[in-house]
Amino acid sequence: MKIPGTIYQKQMSLLDQKTMPLYVPRDGIWLRLALTLEGTVRRSSYAKQILCSQQFNAARTRWTLADLTFLQSALELLYNTQGQIRMSTLAAECDLSLRQFERRFKQCIGVSPKVFARLLRFEALLTSLIQGPATSLADVSSHLGYHDQAHVIHEFKTWAGCTPTAFLARAKQRMMQKPIVPDPRSASIPLYIV
């Protein structure tokens, strides 16, 4: 069966060939994925370029039941390790070769698993810095596996569009300014849902 937008023939199992409406739950790992993607797109023009691309949006429309099962196990491992897992280990946990895992993940999500792991590691860095402002950037970043300060600054510019100092200054300023009217959106229903 030829899939539009690909140049190779895909071997599909019977589970993959079922055409039925899929129900993707809006809680658990799927809610975490939606919140991660929404927050990242709001912060960074680079992330907006990647995650709002036609390839990313088209990937989600072709999910099968087998893809949901695969994604759930891969995403749970990625979130539980905050993106600090070797791709070979992740592929082995999903019972796939590294190349098959990377291909399938990118086909389902629209970005490579390494890029997504970088994003999750950066999200963990932001959470640590915002929740524990007394800890230093160097301590938090070394704990999360960043090599040096230049590496952290590069990730900040990529995923937040600014330097760590500028981001923390904006975060501190936002915390000082409490909204008069609470946000009418429910926190459990993100704007960007898979």
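Quick caveat: nothing in here was measured; it's all calculated off a predicted structure.
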Nearest heavy-atom approach of R32 to Y79 is O-OH, 3.1 Å
Separation between CZ (F116) and CG (L75), nearest 0.5 Å, reads 5.5 Å
Counting only heavy atoms not in Q149, do more than 12 fall under 6.0 Å of its CD?
-> no
CG (L90) and CD1 (I85) are apart, to the nearest 0.5 Å, by 5.0 Å
Between the CD atom in Q84 and the CG atom in L78, the distance rounded to the nearest 0.5 Å is 11.5 Å
Taken to the nearest 0.5 Å, the spacing of R121 CZ from L119 CG works out to 11.5 Å
message: With a 4.5 Å cut-off on side-chain heavy atoms, are D67 and R104 touching?
response: yes
Closest heavy-atom pair, S97 versus A91, reported as atoms and distance to 0.1 Å, is O-CB, 3.8 Å
Smallest heavy-atom separation, E155 atom then Y146 atom, equals CG-CE2, 3.5 Å
Counting only heavy atoms from other residues, nucleotides and ligands, does the tally under 6.0 Å from CZ of R86 exceed 12?
no
What one should report as the nearest heavy-atom pair of A117 and M87 is CB-CE, 3.8 Å
Scanning both residues in full, the closest heavy-atom pair of A160 with R170 reads O-NH2, 4.1 Å
Neighbour count above 12 (heavy atom, 6.0 Å) for H151 NE2:
yes
d(K114 NZ, K106 NZ) to nearest 0.5 Å is 13.0 Å
By ring-ring contact (aromatic ring centres under 6.0 Å, His included), F70 pairs with (sequence neighbours left out) F101
### L137 with I153, same ILVMFWY side-chain cluster at under 4.5 Å
no
Shortest non-hydrogen pair, L168 vs L129, comes out as CD2-CB, 3.9 Å
dist E93:CD -> E76:CD (nearest 0.5 Å) comes out at 12.0 Å
Taking V140 as the starting point, is it possible to reach F167 by hopping between hydrophobic residues whose side chains are less than 4.5 Å apart?
yes
Test item: L126 and F156 side chains (from C-beta on) under 4.5 Å apart, heavy atoms
yes
